[in-house]
4 protein chains.
Amino acid sequence: MTAAAPPRRTGPVRSEGVRLAILEATARQFAARGYDHLTIEGIAAEAAVGKQTIYRWWGSKSALVAECLVEGMLLPHRLAPPDTGDIRADLTAWVDAVLTLLAEPQGETLLRSIIAAAAENADIGRRIRESLAGSESIVGRLEASIGTAPNLTPGAPFEELSETLVGAIVLRALSRAPREPGDAARIVAAVLGPA
Amino acid sequence: MTAAAPPRRTGPVRSEGVRLAILEATARQFAARGYDHLTIEGIAAEAAVGKQTIYRWWGSKSALVAECLVEGMLLPHRLAPPDTGDIRADLTAWVDAVLTLLAEPQGETLLRSIIAAAAENADIGRRIRESLAGSESIVGRLEASIGTAPNLTPGAPFEELSETLVGAIVLRALSRAPREPGDAARIVAAVLGPA
Amino acid sequence: MTAAAPPRRTGPVRSEGVRLAILEATARQFAARGYDHLTIEGIAAEAAVGKQTIYRWWGSKSALVAECLVEGMLLPHRLAPPDTGDIRADLTAWVDAVLTLLAEPQGETLLRSIIAAAAENADIGRRIRESLAGSESIVGRLEASIGTAPNLTPGAPFEELSETLVGAIVLRALSRAPREPGDAARIVAAVLGPA
Amino acid sequence: MTAAAPPRRTGPVRSEGVRLAILEATARQFAARGYDHLTIEGIAAEAAVGKQTIYRWWGSKSALVAECLVEGMLLPHRLAPPDTGDIRADLTAWVDAVLTLLAEPQGETLLRSIIAAAAENADIGRRIRESLAGSESIVGRLEASIGTAPNLTPGAPFEELSETLVGAIVLRALSRAPREPGDAARIVAAVLGPA
DNA sequence: AACTAAGCGAGACGGTACGTCAAGTCTTAGG
DNA sequence: CCTAAGACTTGACGTACCGTCTCGCTTAGTT
């Protein structure tokens with residue numbers, strides 16, 4: 001007498017190649033057309049995949065985008081602030097880089113699309129905060145720089161400082177404020193206090 | 001020498017009642033269902049209006065929403081900070097009020113919908129900044145309070161301070177950060193400097 | 001006791017120029033685009049006339065077309081059979097002329113449009129019969145030619161003979177039968193009997 | 001050397017049930033409301049089918065009607081002439097039956113709608129001729145009856161004789177001529193020659 | 001001459017249907 | 001049993017015209 005058979009596991013297993021093809025197609029379409037104007041059918045066609053294969057593994061367009069984000073397929077990776085030891089200079093350089101990205105059409109589309117996706121999907125919202133303000137990047141840097149700027153005192157609200165910095169950039173993206181010289185420095189000054 | 005006659009204007013004139021009915025229907029649907037899930041057909045039906053009448057005067061869903069915003073039909077008007085003379089207390093109360101609004105489901109839908117609309121439509125983006133950070137509300141208040149907080153020095157970047165404040169709130173809305181006691185105070189502290 | 005006064009008749013009187021402009025625009029559009037694809041708005045625009053002016057005087061698209069027909073603005077006037085005294089030759093020439101008209105694209109559109117209009121509007125139906133088979137043209141000619149063809153006997157059903165002739169042409173127009181040499185002669189032979 | 005593989009054909013196949021539901025709905029609406037006043041949306045609703053499913057397979061309203069016609073869903077099948085051996089009696093009975101059908105409101109709608117459809121769509125035009133004057137019905141009968149009527153001589157234009165007969169009926173339908181006793185006999189006499 | 005009525009151009013309005021797009025579900029066949 | 005293909009229902013899109021309804025002229029009779 002044999003033990004009950006375990007649930008027989010036959011047939012092919014999920015194809016990693018297919019998964020990647022879908023995510024890459026999503027990323028391409030996302031960058032090219034923005035979050036709205038993404039279509040499942042377009043992604044399926046570009047990935048040479050059946051629609052059902054997408055629906056089987058992701059529940060919605062935004063889940064797809066969220067996974068792209070997690071995989072780092074949407075944002076250029078150069079977006080971490082440099083680390084020269086001078087927190088003000090580092091943040092200023094970083095803000096400036098982001099504002100520069102924002103000044104290019106495809107960068108603008110990209111950032112605003114991520115914002116739109118975040119507005120629609122809670123997961124993406126949570127992820128964007130982690131990915132932009134994650135402890136390894138900004139909050140941690142601020143904590144490590146106590147004493148080097150007026151606002152960086154022991155017990156300062158580092159989380160919130162980080163949020164104001166990123167928030168100011170998000171607001172810029174939304175409001176389409178024209179870029180002006182010194183913007184990055186002024187934003188950093190607003191967060192760290194006067195130089 | 002006479003001026004050229006303006007093109008003779010005959011025929012019925014645009015109906016203000018219809019215009020208002022459409023905007024009100026838009027505002028109701030916007031609050032009830034969010035920016036995506038707005039449909040022109042739904043608005044037309046609720047306003048008891050032909051679709052063409054909407055398309056005649058507005059080119060897109062977002063233009064409709066933008067006009068609603070300008071007319072003040074989307075945001076509760078209580079959203080201006082109080083003015084007791086104590087800038088820190090005033091801003092804290094205001095931030096707290098906004099976070100409270102954000103904690104209610106319909107308030108959250110409303111704010112995130114506005115963000116989504118702004119991400120899609122440049123006009124709305126510009127308007128949201130004016131309406132949230134307009135000189136009469138926050139920037140002006142900061143300038144009028146020079147000397148009462150560490151960051152409010154002569155020559156401080158008041159515009160950017162205002163942006164960081166509003167941006168932090170926008171980021172909160174996007175990231176769905178759970179609300180915690182003292183949030184408002186910490187955000188204001190991040191902007192104004194330590195108490 | 002006097003009769004009630006008739007409704008006082010003041011104001012400008014119906015403009016004949018406007019009436020003609022509308023009918024001409026109708027005829028042009030009818031020939032150019034066919035009966036379906038006629039639009040009141042298109043006619044109004046082409047005639048530089050308000051829509052209401054059309055609706056004031058005609059109740060429907062088909063009434064408009066019917067009046068065009070009555071005014072002879074739709075059919076080329078050359079469509080009466082010649083009269084050389086030889087009924088068979090005359091009818092054959094006439095049928096041939098109509099089939100020739102039918103072989104040109106605009107002639108085909110025209111005839112089929114009239115058929116479509118007749119199918120929709122009783123007035124037009126009646127008119128088409130009068131205008132194509134009116135006593136002055138075919139029935140009369142048949143009656144006047146008694147004895148010159150096998151079927152033209154005293155007491156023959158001249159009305160019906162005329163109908164079969166015209167009907168065969170209508171059927172040709174509907175069925176898009178390709179034209180072949182001798183068609184006209186055969187049709188006439190079918191109606192008049194063998195030569 | 002092998003032939004190129006044909007494009008692999010997978011996926012669900014066209015649903016015959018859906019096709020029939022659409023054609024039946026079309027036939028019902030056609031009979032009930034006439035050719036104009038047919039709407040794709042109405043058919044889709046009655047067939048409980050998406051509009052897109054109709055547009056996927058038929059390019060136009062008239063293509064739909066043409067297919068109905070081919071499937072024999074529009075015309076009552078009793079419309080073939082009887083066959084007693086007496087061609088004059090048979091045709092007279094048939095014409096009489098058609099004129100009777102034409103005297104009922106729904107029969108009139110039906111016939112005129114088919115004419116309207118034929119005027120708009122070439123396929124329908126061709127089909128109506130085949131279906132009304134197909135060789136198995138009238139032309140063949142005439143040929144088989146050579147010698148039994150004045151016009152039925154060897155070498156007579158049987159095609160055209162058939163056309164004049166059917167054409168006369170079509171013209172009747174278009175012209176709304178009131179029906180009178182003896183009409184059928186006179187029409188047949190016009191075609192076959194005097195009795 | 002002032003005072004009515006139309007007639008008329010223009011065009012806003014509530015609707016209906018159009019033909020298209022994409023969504024998400026379901027079905028078939030190949031591997 | 002995963003997958004590509006794609007048929008299916010649903011629902012919204014934006015457009016074209018419909019027929020009705022004001023508007024603000026202009027014009028032709030009264031009074």
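In what follows, chains are A, B, ... by sequence order, proteins preceding strands, each numbered from 1.
- If Tyr55(C) and Ser15(A) are placed on DNA chain F by their nearest nucleotide, the residue sitting closer to the 5' end is Ser15(A).
- You'll find a donor-acceptor pair under 3.5 Å spanning the side chain of Gln52(A) and the base of dC26(E), going by distance alone.
- In this structure, CH2 of Trp58(B) is placed 18 Å from C1' of dC13(F), rounded to the nearest angstrom.
- Atoms CD (Glu41(B)) and P (dT20(E)) sit 17 Å apart, rounded to a whole Å.
- Rounded to whole angstrom, the span from the CZ atom of Arg14(D) across to the P atom of dC26(E) amounts to 22 Å.
- The distance from atom CG of Asp36(A) to atom P of dC13(F) is 14 Å, rounded to the nearest whole Å.
- Between the C1' atom of dG19(E) and the CD1 atom of Ile54(D) lies a distance of 12 Å, rounded to the nearest Å.
- The nearest heavy atom of DNA chain F to Glu16(A) and to Gly42(B) marks one nucleotide each, and the one closer to the 5' end goes with Glu16(A).
- Between the two ends of the helix from dA1(E)-dT31(F) to dG31(E)-dC1(F), each summarised by a five-pair axis, the helix axis turns through 10° (rounded to 10 degrees).
- Between the side chain of Lys51(B) and the base of dG14(F), a donor-acceptor pair under 3.5 Å is found.
- Using a cutoff of 4.0 Å between basic side-chain nitrogens and carboxylate oxygens, Arg19(B) and Glu67(B) are scored as salt-bridged.
- Nucleic acid contact class of Ala44(C) (heavy atoms, under 4.0 Å, all strands): none.
- Among the atoms of the strands shown, only primed sugar atoms or phosphate atoms (P, OP1, OP2) are found under 4.0 Å from some heavy atom of Thr39(D).
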Evaluate side-chain contact (heavy atoms from CB on, under 4.5 Å) for Phe30(B) paired with Leu74(B), printing each intermediate quantity in order.
CA-CA 8 Å; Phe30(B) 188 92; Leu74(B) 294 185; 3.9 Å; yes
